[in-house]
Amino acid sequence: MENQKRVKELAEKYGAENVIVVLGGAEAEAAGLAAETVTAGDPTYAGPLAGVSLGLKVYHAVEPEFKESVDPEVYDEQIGMMEMVLDVDSIVEEVKNMREQYSKY
Amino acid sequence: MSNAVIKCASYILVHAPDMVIHNGSTQTTEKLLNPNSEYLKNIRSSLRSYEEAINYLPNQVYIGNKTPEDLKLTPQPWVDKPVLNSSRYGKFGEIMPEDEFIGLMKIVDVFDLVKLSKEFTSSIKEKLLNHDLINNELVSRLKDGEDLGDVEKLINEQDAEPLYFDNNLVGCVKRAHDIDPNLSAHVIFENLVSKASGVLAALHLIKRANIDPNEIEYVIECSEEACGDMNQRGGGNFAKAIAEFAGLINATGSDVRGFCAAPTHAIISAASLVKAKTFKNVLVVSGGSTAKLGMNGKDHVKKGLPILEDVIGGFAVLVSENDGISPIIRNDLVGRHTVGTGSSPQAVITSLVTAPLDRGNLKITDIDKYSVEMQNPDITKPAGAGDVPNANYKMIAALGVKRGELDRTQINEFIDKHGMEGWAPTQGHIPSGVPYVGFAIDDIMSGNVNKVMIVGKGSLFLGRMTNLFDGVSVVIEKNDGKKEENKGISEEQIRNFVAEAMRDFAAHLLEE
């Protein structure tokens with residue numbers, strides 16, 4: 001809830017087109033839910049983004065788009081281990097699906 | 001200096017379905033926000049009976065009648081695979097029914113804040129008289145009880161917290177001050193639950209360890225509650241309050257806090273106090289919490305499951321000076337997540353697991369068993385939180401791969417060999433690292449296991465004082481049987497030295 005509020009405030013302050021949300025959720029379902037929340041709006045209708053479609057750009061930290069745009073050494077140090085642990089394919093699929101459907105930028 | 005040993009551990013559960021409804025924060029929040037929700041209307045039909053809670057395999061593992069190996073041999077989920085005719089008592093402790101526990105809350109209440117009806121009092125008096133560990137003097141503290149009308153009056157007119165058993169009002173917890181929010185009936189209730197469940201764990205430990213209670217010199221309590229008044233909200237101290245009812249008349253103590261990581265912090269502190277010879281026997285103890293009852297209840301009900309978070313947990317661990325037999329606590333092999341560690345999972349696991357291993361020239365595979373957050377996946381998976389212990393083991397294995405100690409294809413094999421399924425209720429500190437300590441003592445003593453690592457992690461950010469997370473770990477290993485050598489010199493040795501010097505001197509004189 002607190003995160004939804006912060007995302008909403010940041011998007012209002014800097015303009016939705018200037019905000020990228022990077023997710024770190026460990027499960028595909030949870031990551032997809034978070035991606036949906038910052039694009040189409042909170043599907044559970046519980047937080048400040050209920051009915052608010054920000055359409056932000058959203059990527060998960062294990063997605064190739066993110067990986068390619070950061071220092072490989074830092075990536076390996078911070079995320080390399082988790083890349084082995086997580087079900088990367090299904091996370092990528094969920095988040096990409098939400099981004100392609102609802103992201104406006 | 002000789003390292004401290006882990007002598008004994010006890011584990012208790014309290015089946016508390018009425019407290020799920022009336023005191024679990026998910027349910028009390030729902031009552032405020034959606035008082036007419038379907039969830040609340042039908043909640044009673046989703047609660048398990050006492051027998052069902054007893055026959056639940058993870059609960060039987062918790063109290064030691066079943067083992068982590070039994071759990072591994074039974075495919076998940078376990079909720080539909082009851083262990084019929086299971087026992088209330090296990091080698092580590094027991095699963096107490098809610099009515100007896102309410103009686104125990106009254107017994108440990110020294111400010112006359114718990115009021116129980118006459119009828120209920122007489123019914124539990126009989127049951128508690130039959131309890132091995134609750135002596136007649138303790139039972140006499142129940143007195144005769146109150147008229148139910150007086151209890152209702154306290155609830156209706158003075159904000160007392162009602163106590164229910166089997167859906168019937170049986171008593172209440174009074175507020176301890178008219179306006180002090182830290183002494184409200186709600187806070188006193190939660191604190192008495194924590195105290196009573198801690199006392200029960202301590203009583204089981206003393207019996208199991210077969211130790212004279214007078215020999216315990218210090219108690220470290222490590223729950224997640226805070227007791228105090230409006231001038232010192234977390235003043236404390238549960239430790240001494242529990243020690244008093246466990247009959248530890250030579251003990252004082254203090255409370256250690258750190259969210260779910262607190263038990264591991266407490267064990268490390270206890271080991272250091274013993275190693276430094278400050279105290280010979282230190283009891284680490286904690287009761288459980290009612291706020292977390294039914295925390296994921298909505299998800300469980302949505303998936304057609306009973307509400308599985310229906311037990312309050314408690315445990316106690318005895319840390320003592322080296323007896324040459326019990327497993328050693330290696331407080332030179334302690335891992336800690338520091339302020340500078342950072343929050344990436346990789347940094348966390350490095351600081352907690354591999355940093356202490358490197359100090360001891362050990363590899364990830366040199367630890368036979370890792371006891372991480374041993375949350376029961378039956379509870380967490382339907383709530384979308386996955387299999388927590390398994391996720392931890394995957395991370396440890398992945399770090400092993402990165403360090404070249406394991407091949408990528410060996411991850412599952414590593415988890416199978418060095419990991420365990422989770423069996424502890426999601427009571428925060430209760431599943432964190434400590435659930436395996438009891439089995440670890442047995443496994444190490446029987447030679448099945450040499451080294452284990454206890455890992456505790458805590459979500460400090462929930463308290464809003466820091467964004468940081470926390471964790472500590474410690475290695476426990478087989479005792480090599482060498483007790484501390486006495487480095488000092490005895491009086492007899494001094495006499496021998498003097499006599500020898502005199503003889504030398506005399507011989508010298510004679511020669512001259």
Side-chain angles (χ1 to χ4, degrees), chain A residues 1-7 9-10 21-37 42-48 50-51 59-63 66-67 69-95 98, chain B residues 26 29-30 33-34 37 298-299 302-303 341-354 364 372-373 377 380-412 414-415 419 459 461-462 464 467 469:
Chain A
M1 297 297 138
E2 195 56 35
N3 283 342
Q4 284 194 32
K5 200 173 135 203
R6 280 164 69 184
V7 170
E9 281 169 5
L10 288 172
V21 181
V22 181
L23 302 174
E27 299 256 324
E29 198 186 327
L33 206 67
E36 189 177 351
T37 302
D42 180 0
T44 64
Y45 286 91
Y59 294 91
H60 194 280
V62 296
E63 282 192 273
F66 177 79
K67 189 175 176 177
S69 58
V70 296
D71 182 338
E73 250 175 60
V74 175
Y75 188 88
D76 189 52
E77 197 184 302
Q78 298 285 326
I79 300 169
M81 184 190 87
M82 286 313 283
E83 223 184 354
M84 259 185 267
V85 172
L86 301 178
D87 183 355
V88 172
D89 293 344
S90 54
I91 291 177
V92 171
E93 196 192 316
E94 279 282 332
V95 175
M98 290 300 160
Chain B
T26 296
T29 306
E30 184 79 353
L33 300 176
N34 308 301
S37 75
K298 284 188 188 171
D299 288 315
K302 215 183 282 168
K303 305 219 155 102
T341 298
S343 60
S344 77
Q346 201 159 325
V348 171
I349 301 292
T350 300
S351 70
L352 294 179
V353 178
T354 54
I364 279 182
V372 292
E373 294 158 292
T380 54
K381 276 163 111 180
D387 186 328
V388 179
N390 190 268
N392 274 282
Y393 294 133
K394 267 191 200 161
M395 288 193 276
I396 296 172
L399 192 59
V401 174
K402 279 196 80 72
R403 285 162 58 94
E405 293 172 15
L406 279 179
D407 190 71
R408 208 170 166 153
T409 55
Q410 293 174 304
I411 290 184
N412 285 335
F414 173 88
I415 296 172
S459 307
F461 48 84
L462 295 172
R464 307 294 196 270
N467 253 320
F469 143 102

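First the proteins, then the strands, lettered A, B, ... as listed; each starts at 1. Atom set for the values below is all heavy atoms of this structure, side chains included, hydrogens, waters and symmetry mates excluded.
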Quiz item: Is the CD atom of A:Glu29 crowded by more than 12 outside heavy atoms at less than 6.0 Å?
Solution: no

Quiz item: Considering residues, nucleotides and ligands other than B:Asn467, do more than 12 of their heavy atoms fall under 6.0 Å from its CG?
Solution: no

Self-check item: With B:Glu30 via salt bridge (charged side-chain N to carboxylate O under 4.0 Å, His left out) - residues at least two apart
Solution: B:Lys298

Quiz item: Residues two or more places apart in sequence or in another chain: which of them pass salt bridge (charged side-chain N to carboxylate O under 4.0 Å, His left out) with B:Glu373?
Solution: B:Lys457

Quiz prompt | Residues in residues 381-389 of chain B near chain A [non-hydrogen atoms, under 4.5 Å] | solution = B:Gly384, B:Gly386

Tabulate below the donor-acceptor pairs under 3.5 Å that side-chain atoms of residues 79-89 of chain A make, not counting sequence neighbours, or state none.
| unit_1 | atom_1 | unit_2 | atom_2 | d |
| --- | --- | --- | --- | --- |
| A:Glu83 | OE2 | A:Lys67 | NZ | 2.9 |
| A:Asp87 | OD1 | A:Ser90 | OG | 3.2 |
| A:Asp87 | OD2 | A:Ser90 | OG | 2.8 |

Quiz item: Does the A:Glu77 side chain pair with the main chain of B:Gln346, one donor and one acceptor, at a distance under 3.5 Å?
Solution: no

Self-check item: A:Gln78 portion near chain B, given a 4.5 angstrom heavy-atom threshold
Solution: both

